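Written below as structure tokens is the structure these notes are about.
From a predicted model like this one, the values you see are computed outputs, not experimental measurements.
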Amino acid sequence: MGPVNDVPEPEQPALLGLDDVQGPASGPRGGKARRKAALGAHEIAEVLPVARVVLDLQPAHLDREYDYLVPASMAADAQPGVRVRARFGPQEVSGYVVARAATSEHTGRLMPLRRVVSGDPALSEPVLRLARAVADRYAGTLADVLRLAVPPRHARVEKEILAALANPPSVEPVETTPVVNVPSVEPVETTPPAESTHADPWAPYRGGEAFCRHLLAGGAPRAVWTPLPGLAPADDGSVGHVPHWADAIARAVRATVAGGRRALVVVPDARDADRVCEALEAAGVGDHARLLADDGPAPRYRAFLRARHGLAPVVVGTRAAMFAPVPSLGLVVLWGDGEDTLAEPHAPYPHAREVLALRCELEGAALLLASPGRTVQAQALLASGWAREIVAPRDVLRARAPRVRALTSVELAAEGPGAAARLPTAAWRAARDGLASGPVLVQVPRTGYLPVVACGRCRTAARCAHCHGPLGLPRQAAAPQCTWCGRLAGGWRCDECGDSRLRAVRVGSDRTAEELGRAFPGTTVRVSASTAPGGVLDRVAAGPALVVCTPGAEPVADGGYAAALLLDAAVATSGTGLAAATEALHRWLAAASLVRPARDGGQVLLVGDAAPAPTGALVRFDPAALAERELAERRELALPPAVRVAAVSGDREAVGALVGRVALAGGEALLGPVELPPEPDGRGATLDPRVRAVVRVPLAQSAELARQLRASLAVRSARREGGSVRVQLDPKEML
DNA sequence: TCACAGTAACTC
DNA sequence: AGTTACTGTGAG
């Protein structure tokens, strides 16, 4: 197409629509209709009259860019990144301008944009690129990802931020106009370290200081870091209440900021965000933006815009913050990558770890993947050489970790009949001793029915002999069946101990607080859980108290806990997913990390018959070893992350049609479809029987698998095939 | 072989 | 919700 200049030529396809756009002569109707009708050829922008727009459309086959004409009145505002409204068929839909162009490839008529919602560009170019990469990776649509990435606009907040930008509250003028690209490097202020009241938290780690030096120098190192347990020293040198990990993250952020770049910290929940923010303040890092979805629309959009305009050197937030627009991003931190809140529950179900890994590659930023436990996915990043490991030497760990003991049935056997009780004598004694000097943490698994099958002897989760998927008990305890390929488990034998007995694991743990109250009359019992009357507690005082919590809801105890009891260990290691072992270890280590070092009397007791591998890893405080072992096993058995899997679920017919168009889903690559256990629809009723097919391909074919799945979804929406299907790459429950 | 109407696909 | 591309049918 030739350029479109001042003289519109009729044969320019891009301009053919103009006379039609004029519409009928305006009658005596209101101003809106009149303006619309008056829009003619002369009122189209003179330069770059075409806006390339990404529209917020649901159907997969409509997932592409569309060209619109830019009315002269919008010529200045319709810049890349701004929200617009445009006519698409019968309706007006919203979208983002992604580019301006002189001409269009489109051969038909172009419609004019209806409205620029705001001249302030909400969608930055790097975020758009990231969203595209995420859509590609997860076989999703760009519109779906953008819905996750950009929070709903809040006009009042926008006005407030733009005003602040126009007249900076105090110091030097920042940006006067909302430009598309915020200056790449801005003088960033760090209050000089409120000079090291305590030592560099990175000093004990191999490679820790080097990592921070790289950050300062503008490098992009990538690390998987296993933090030491414990709390950072307070200003007076005593044990404080800020976890060591948060303190160390703050220091890494400070190095990044001192080097003239910005940082993004993503955490699993609001309490962890608070802990990081507090540590940032203590470390003297300037202002930060707290970007949490559950803070509500206004604070959320305020944090988003402050990030977007480079008003905060650090953004701290939960899952959705993984897409936060942070100009000149130097460091991305992900804390607790094994937590399930980091898996996005909305299509296309991206996981924060994958998104942030993609992101730091695209933006040349450093990555710090930190967690008390270690996921196999993190281990895979190490194994491939993509990231380096940051750990402390064993002797440093030993000096800081509590004493850990596992009370297995072998040890409990000595106790006789009482051993079946949930609180054996050894655990009771440990709690009693701990209460003499401080609070005692009691972690209980969430209540729930777990239709899972484990080895009857060693409690290792049972796997399918054919595809290595986890076994489950469908319906009324028929024969155990593979939840992936549907084969019945006949002649099963445990990989771990060779036993052939299977056992269903279904345990609840409701009455713990009550039981403990009876066991320790006169002691304060506090409960921290989302279902508890007081909700989740952030912090408890140093005095004696029993603190009962569910995993992930552990409050920090001032000065550290004297002891921790980890109850119902068998339940913790018998989840359905492949990650049951590493997840259990993660939860235990998260609790154990809040306990005082052994030399100060801190001890941890694991109670109940857990699978041996995670139990051993807890006793040795060694999540790396477990992850390594699990990764080796996954490679051997062709399980993710050594392979790529996609789950296609929905009604049988729709799943069949969708999978049928995916060339890679043939032969051995296709498992199932298998009927899924009926899922309550929220009102108690059950939906139509749903099935799930699993496609498993080598990692080298991941991109192609995603492409084919997306193409099949596009065909499905174009043909308006009935029913419903959901496509999930690396679904949470299969990792 | 072409015109035209009813229909399916597309939507800038 | 219009517009366009398309297919099938019937007249020439």
Criterion salt bridge (Lys or Arg N to Asp or Glu O under 4.0 Å) on A:Arg85 and A:Glu92, from CA distance to verdict: CA-CA 6 Å; A:Arg85 308 267 312 167; A:Glu92 191 178 297; 3.1 Å; yes
A:Met111 CE to C:dG2 P, straight-line distance once rounded to whole Å: 10 Å
Test side-chain contact (heavy atoms from CB on, under 4.5 Å) applied to A:Asp56 and A:Tyr96, step by step: CA-CA 8 Å; A:Asp56 186 16; A:Tyr96 300 94; over 6 Å; no
Does a side chain donor of either [X] or [Y] reach within less than 3.5 Å of an acceptor in the other side chain?
| X | Y | result |
| --- | --- | --- |
| A:Ser649 | A:Arg692 | no |
| A:Asp67 | A:Ser104 | yes |
| A:Ser118 | A:Glu158 | yes |

Outermost nucleotides of DNA chain B that come under 4.0 Å of a non-hydrogen atom of chain A: B:dT11 to B:dC12
Contact check, side chains of A:His309 and A:Asp120, non-hydrogen atoms, under 4.5 Å: yes
Side chain proximity check, A:Ser328 to A:Glu363, heavy atoms < 4.5 angstrom: no
Touch class at under 4.0 angstrom, heavy-atom based, for A:Leu62 against every strand present: base
Touch class at under 4.0 angstrom, heavy-atom based, for A:Arg719 against every strand present: nothing
Row check, A:Tyr349 ring normal vs A:Arg726 NZ/CZ: under 6.0 Å, within 45°: yes
Dot-bracket pairing map - DNA chain B, Watson-Crick plus G-U, both contacts under 3.5 Å, | cross-strand: ||||||||||..
